[in-house]
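To start, the structure itself, in structure tokens.
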Amino acid sequence: MSCSLCSQPASSMEPISKRLKIIEEDTGSTSIQAADSTAINGSVTPTDKRIGFLGLGLMGSGIVSNLLKMGHVVTVWNRTAEKCDLFVQEGARLGRTPAEVASMCDITFSCVSDPKAARDLVMGPSGVLQGIRPGKCYVEMSTVDPETITELSQVITSRGGRFLEAPVAGSQQLSNDGMLVILAAGDRTVYEDCSSCFQAMGKTSFFLGEAGNAARMMLILNMVQGSFMATIAEGLTLAQATGQSQQTFLDILCQGQMASTFVDQKCQNILQGNFKPDYYLKHIQKDLRLAISMGDMANHPTPMAAAANEVYKRAKALDQSDNDISAVYRAYIH
């Protein structure tokens, strides 16, 4: 979810340095906030560092496209190589293996589906670790658990590499628009080196301190979003079950305090039967599972997330894994 009322856009004519605000909070976190999408107004000065990108899924594709548009030199790799073709046509270079990309590039980003994929990419055959040399930077953008981040940080730094985690809050559309929110933690100097990249792909980035903190914050955010989406689906189906108009329910909802672009778009798509993925249902269920596990480790109750998780598991059993998170609606009508 995004809150469009949180800040007023600054003039796109202002230089980028004046449109960015650095905020030091009591927690020690830092926020670099672009008042509007730098990818849209085209005002990014690209770093001269060579950028690698591994993983061209729903989020990665939009990120790479914006990096290229802003003039970054990008080498790409994807497990299914044909996904690279479009980006090579747009000017990207092609890497044969993750190890080769890490070896060729100064900063290598990855954005894959889950903790296992993230570990395999680094430590598997021809993995990133084989291409890491002293000074090389690795940025993990996948939404994974803090333990995976700690492990990846340790193995990268053991080779003299520099590590940053930078999961993103958003969707395929926000990725395409360069309007993601980046949550970063780890090596502060890598965060600073990634400044032009983060400006190209996102509207705001936060630095949250030591590695693992961004994973924790990202899981909490996605736990809230997943639980909220399940509740909205429950409301829509209860309206139908009690003889109320679902469209009227949505119209009333969008005139109240919960009105948001997220609610409007997701509900309209549900009513139209459009479940084309903007964020995969299987991924939000994974995030809920990891958030619940994180709560267990902190001895903190997560009953709302646990209930939502069961609904998403039912939706997965109904073959909704590769549909949008809004397809959780179908768990209530079967």
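Throughout, residue positions are numbered sequentially from 1 according to the sequence presented.
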* V101 with L86, same ILVMFWY side-chain cluster at under 4.5 Å -> no
* Search all heavy atoms of S321 against all heavy atoms of K316 and return the closest pair with its distance. => OG-CG, 3.4 Å
* Asked: Ignoring hydrogens and geometry, is there a side-chain-to-backbone donor-acceptor pair from S293 to L290 under 3.5 Å?
  -> no
* Asked: Tell me, do N66 and K69 make a side-chain contact under 4.5 Å, heavy atoms counted?
  -> yes
* Do N213 and E210 have side-chain N/O donor and acceptor atoms under 3.5 Å apart? -> no
* Are any side-chain N or O atoms of D278 and backbone N or O atoms of Q172, one a donor and one an acceptor, separated by less than 3.5 Å? -> yes
* Structure fact -> By side-chain hydrogen bond (donor to acceptor under 3.5 Å, both in side chains), N309 pairs with (sequence neighbours left out) Q285
* Asked: Side-chain donor-acceptor pair under 3.5 Å between D251 and Q255, yes or no?
  -> no
* **Donor-acceptor contact below 3.5 Å, side chain D264 vs main chain C254** => no
* Could you tell me which residues satisfy side-chain contact (heavy atoms from CB on, under 4.5 Å) with S126, sequence neighbours excluded, listed by chain and number? => T97
* Are K136 and T108 close enough that some pair of their side-chain heavy atoms sits under 4.5 Å apart? -> no
* Structure fact -> The complete set of salt bridge (charged side-chain N to carboxylate O under 4.0 Å, His left out) pairs with one or both residues in residues 290-308, sequence neighbours excluded, reads none
* 4.5 Å side-chain heavy-atom contact, M229 and V311 -> no
* Derivation of the side-chain contact (heavy atoms from CB on, under 4.5 Å) call for L208 and M217 -> CA-CA 9 Å; L208 303 178; M217 187 69 80; 3.9 Å; yes
* Any sub-3.5 Å donor-acceptor pair from D106's side-chain atoms to R50's backbone N or O? -> yes
* Kindly say whether M294 contributes a backbone atom to a donor-acceptor pair with the side chain of R216 at under 3.5 angstrom? => no
* Do L67 and C197 touch side chain to side chain, with heavy atoms closer than 4.5 Å? -> yes
* Asked: Honestly curious: do F207 and F198 fall in one hydrophobic cluster under the side-chain, below-4.5 Å linking rule?
  -> yes
* Asked: Do you know the tightest heavy-atom contact between L318 and A331?
  -> CD1-CA, 3.9 Å
* **Any pair counted as salt bridge (charged side-chain N to carboxylate O under 4.0 Å, His left out), so long as it reaches residues 84-98, sequence neighbours left out** => R96-E100
* **Within residues 226-242 or reaching into it, pairs that qualify as side-chain hydrogen bond (donor to acceptor under 3.5 Å, both in side chains) - sequence neighbours excluded** => E234-Y332
* Asked: What are the two closest heavy atoms between A327 and L281, and how far apart are they?
  -> C-CD1, 3.8 Å
* Asked: Roughly how far, to the nearest 0.5 Å, is the SG atom of C194 from the CD1 atom of I182?
  -> 9.5 Å
* Nearest heavy-atom pair of N176 and G62: which atoms, and what distance? -> OD1-CA, 3.5 Å
Acceptor/donor pairs from residues 109-118 side chains to any protein atom, 3.5 angstrom cut, sequence neighbours excluded:
residue	atom	partner	partner atom	Å
S110	OG	Y138	OH	2.9
S110	OG	E140	OE1	3.1
S110	OG	E140	OE2	2.8
D114	OD1	K116	N	3.3
D114	OD1	A117	N	2.8
K116	NZ	D120	OD2	2.7

* Asked: Is there a side-chain contact between L250 and I270, using heavy atoms and a 4.5 Å cut-off?
  -> no
* Side chains of H334 and R314: does their closest heavy-atom pair fall under 4.5 Å? -> yes
* Asked: Taking the side chain from S196 and the backbone from T47, do they hold a donor-acceptor pair closer than 3.5 Å?
  -> yes
* **Rounded distance (nearest 0.5 Å) linking atom CG of L238 with atom CD of Q246** => 10.5 Å
* **For the student: nearest non-hydrogen atoms of I284 and G226, plus distance** => CG1-CA, 3.8 Å
* Asked: Stepwise, does the side-chain contact (heavy atoms from CB on, under 4.5 Å) test hold for F163 with D187?
  -> CA-CA 6 Å; F163 181 84; D187 189 323; 5.7 Å; no
* To do: Enter the distance from S205:OG to Y191:OH here, rounded to the nearest 0.5 Å.
  => 3.0 Å
* Run the side-chain contact (heavy atoms from CB on, under 4.5 Å) check on Q225 and F262 step by step: do they pass? -> CA-CA 10 Å; Q225 178 172 297; F262 177 86; 3.9 Å; yes
* Give a yes or no on whether L54 and I51 share a hydrophobic cluster (residues Ile, Leu, Val, Met, Phe, Trp, Tyr; joining criterion: side-chain heavy atoms under 4.5 Å apart). => no
* Heavy-atom count around M258 CE within 6.0 Å, excluding the residue itself: above 12? -> no
* Taking only residues two or more places apart in sequence or in another chain, which ones pass side-chain contact (heavy atoms from CB on, under 4.5 Å) with D193? -> K49, I107, R162
* Asked: Stepwise, does the side-chain contact (heavy atoms from CB on, under 4.5 Å) test hold for F87 with V74?
  -> CA-CA 9 Å; F87 301 101; V74 185; over 6 Å; no
* In terms of hydrophobic clustering (I, L, V, M, F, W, Y; side-chain heavy atoms under 4.5 Å; direct or indirect links), are L164 and V64 co-clustered? -> yes
* **Cluster overlap V168 with F53, hydrophobic side-chain contacts below 4.5 Å** => yes
* Structure fact -> The side-chain contact (heavy atoms from CB on, under 4.5 Å) partners of A215 (sequence neighbours excluded) come to P146, I149, E165
* Structure fact -> Output for pair (I132 CD1, S158 OG), nearest 0.5 Å, gives 9.5 Å
* **Selection residues 145-159 - residue pairs positive for salt bridge (charged side-chain N to carboxylate O under 4.0 Å, His left out), sequence neighbours left out** => R119-E151
* **salt bridge (charged side-chain N to carboxylate O under 4.0 Å, His left out) contacts touching residues 320-334 (sequence neighbours left out)** => K266-D324, K282-D322
* **Heavy-atom donor-acceptor pair, S175 side chain to M59 backbone, under 3.5 Å** => yes
* Asked: Does the pair E192/R188 count as a salt bridge with the N-to-O cut at 4.0 Å?
  -> yes
* Structure fact -> All heavy atoms of K313 vs all of E310, minimum pair found to be NZ-OE2, 3.0 Å
* Asked: Excluding sequence neighbours, so at least two apart, what forms side-chain contact (heavy atoms from CB on, under 4.5 Å) with R79?
  -> W77
* Heavy-atom side-chain contact between M223 and D287 under 4.5 Å -> no
* **Summary of ring pair (Phe, Tyr, Trp, His ring centres under 6.0 Å) pairs that have at least one residue in residues 264-303, sequence neighbours excluded** => Y280-H283
* Between F228 and V263, is any pair of side-chain heavy atoms under 4.5 Å apart? -> yes
* **From CD1 (I325) to CD (Q320), nearest 0.5 Å** => 13.0 Å
* Asked: Rounded to the nearest 0.5 Å, what separation is found between the OG1 atom of T75 and the CE atom of M104?
  -> 4.0 Å
* Kindly say whether L56 contributes a backbone atom to a donor-acceptor pair with the side chain of N78 at under 3.5 angstrom? => yes
